[in-house]
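Below, chains carry the letters A, B, ... as their sequence lines are ordered, and counting in each starts from 1.
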Amino acid sequence: MRNCSFQCVYKRLDRHYGPQEWWPAETPFEVMVGAVLTQNTAWNNVEKAIDALRNAELLQPESIHAADAGMLAELIRPAGYFNVKAVRLKALVGWLMEQGGIEMLASMPIKDLRHELLSVHGIGPETADDILLYAFGHPVFVIDAYTRRMFSRLGLIDEKADYELLRRQFETELGKEAAVYNQYHALIVVQAKEVCRKKPHCDKCCLADVCRYPIND
DNA sequence: ACCCAGGGTCATA
DNA sequence: TATGACCATGGG
């Protein structure tokens, strides 16, 4: 009998939390900026940095490209690693403008775009996939620390497995549906914020429900 | 006071 | 290929 665990977990989370309408951003470029700023950082802190950038009218590629790196770092200070991330934002917009802007990227095949993104300094697999999925709507499943923790606890994956392996695993199980990947990753993040991090699962979150009962509906 | 967050790079073995 | 150090703020 075929393993339907990935779909079942999705159904439960979706039923429990409803539509998430991710990514929380106004433009594709804002998604890219947020994806870099949220690296190993709580979203709460990223919002402050993005607000600061917006107030300074620095949420467009050209203005970030022209901005002083030191000033950029000060603005994004609340997001942590601000010196590192200022350099990464610079690298991102430098590459973006080299490529001819967002429109050019949007017309690029997924595989090529993903390869290009990964060649940019400061953009690793997860950040690249955030951008591919949430800025361009490409069917790419995002694997983050929450996903590893949650699904290894469910016994569905090997927590230490290679990123690409896990991505293929999810994409194979779910089929190539960008709308599903979009909602699923959002649900994983939303639900992870309710889980006690120290114990395998707590009693009050949706994951506890997933853990407690057989997964076969 | 301690732990960690919606990672990635770089140096070393 | 596989660890470890490093980056740094803010909330629990």
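Side-chain contact check for Trp23(A) versus Thr38(A): some heavy-atom pair is nearer than 4.5 Å. Here the side chains of Leu92(A) and Ile123(A) are in contact, with some heavy-atom distance below 4.5 Å.
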Set out, in order, the CA-CA distance, both residues' side-chain angles and the distance that settles salt bridge (Lys or Arg N to Asp or Glu O under 4.0 Å) for Lys176(A) and Glu171(A), then state yes or no. CA-CA 6 Å; Lys176(A) 294 190 87 65; Glu171(A) 291 179 3; 3.5 Å; yes
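Just one residue in the list Leu58(A), Ile50(A), Asn55(A) forms a side chain to side chain contact (heavy atoms under 4.5 Å, CB included) with Leu75(A), and that residue is Leu58(A).
The nucleotide whose nearest atom lies closest to any side-chain atom of Pro78(A) is, among dA8(C), dT9(C), dG8(B), dT9(C). Comparing dG11(C), dG7(B), dA5(B) by their nearest atom to the side chain of Ala42(A) picks out dA5(B). Looking at the side chain of Asp144(A), the nearest of the listed nucleotides dG8(B), dG11(C), dG7(B) is dG7(B).
Looking only at atom types and distance, the side chain of Thr127(A) has no donor-acceptor partner in the side chain of Asp130(A) under 3.5 Å away.
The CG atom of Asn40(A) sits 16 Å away from the P atom of dC6(C) (whole-angstrom rounding). Between Tyr81(A) atom OH and dC4(B) atom C1' the separation is 9 Å, expressed in whole Å. Distance, Leu37(A) CG to dC7(C) P: 19 Å, rounded to whole Å. Computed from coordinates, the Lys90(A) NZ to dT9(B) C1' distance equals 20 Å when rounded to whole Å. The distance from atom CG of Asp162(A) to atom P of dG7(B) is 17 Å, rounded to the nearest whole Å. If you take CD1 of Ile76(A) and C1' of dA8(C), they are 11 Å apart, rounded to a whole angstrom. Rounded to whole angstrom, the span from the CG atom of Leu118(A) across to the P atom of dG8(B) amounts to 9 Å. Rounded to an integer number of Å, the gap from Tyr163(A) OH to dT1(C) P is 19 Å.
The nearest heavy atom of DNA chain C to Val84(A) and to Lys160(A) marks one nucleotide each, and the one closer to the 5' end goes with Lys160(A). Of the two residues contacting DNA chain B, namely Val120(A) and His185(A), the nearest-nucleotide position lying further toward the 5' end is that of His185(A).
The gap from the P atom of dA8(C) to that of dC10(B) amounts to 14 Å, rounded to the nearest Å.
A perpendicular orientation is assigned to the rings of Tyr181(A) and Phe141(A), their planes being inclined by more than 60° (bins at 30° and 60°).
Closest approach of Ala178(A) and Gly137(A) over heavy atoms only: CB-O, 3.4 Å.
At the heavy-atom level, Lys48(A) lies under 4.0 Å from the strands shown only through sugar-phosphate atoms.
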For DNA chain B, what string of dots and brackets results from 5' to 3' when Watson-Crick and G-U pairs need both distances under 3.5 Å, crossing pairs get [ ], and pairs with another strand get |? .||||.|||||||
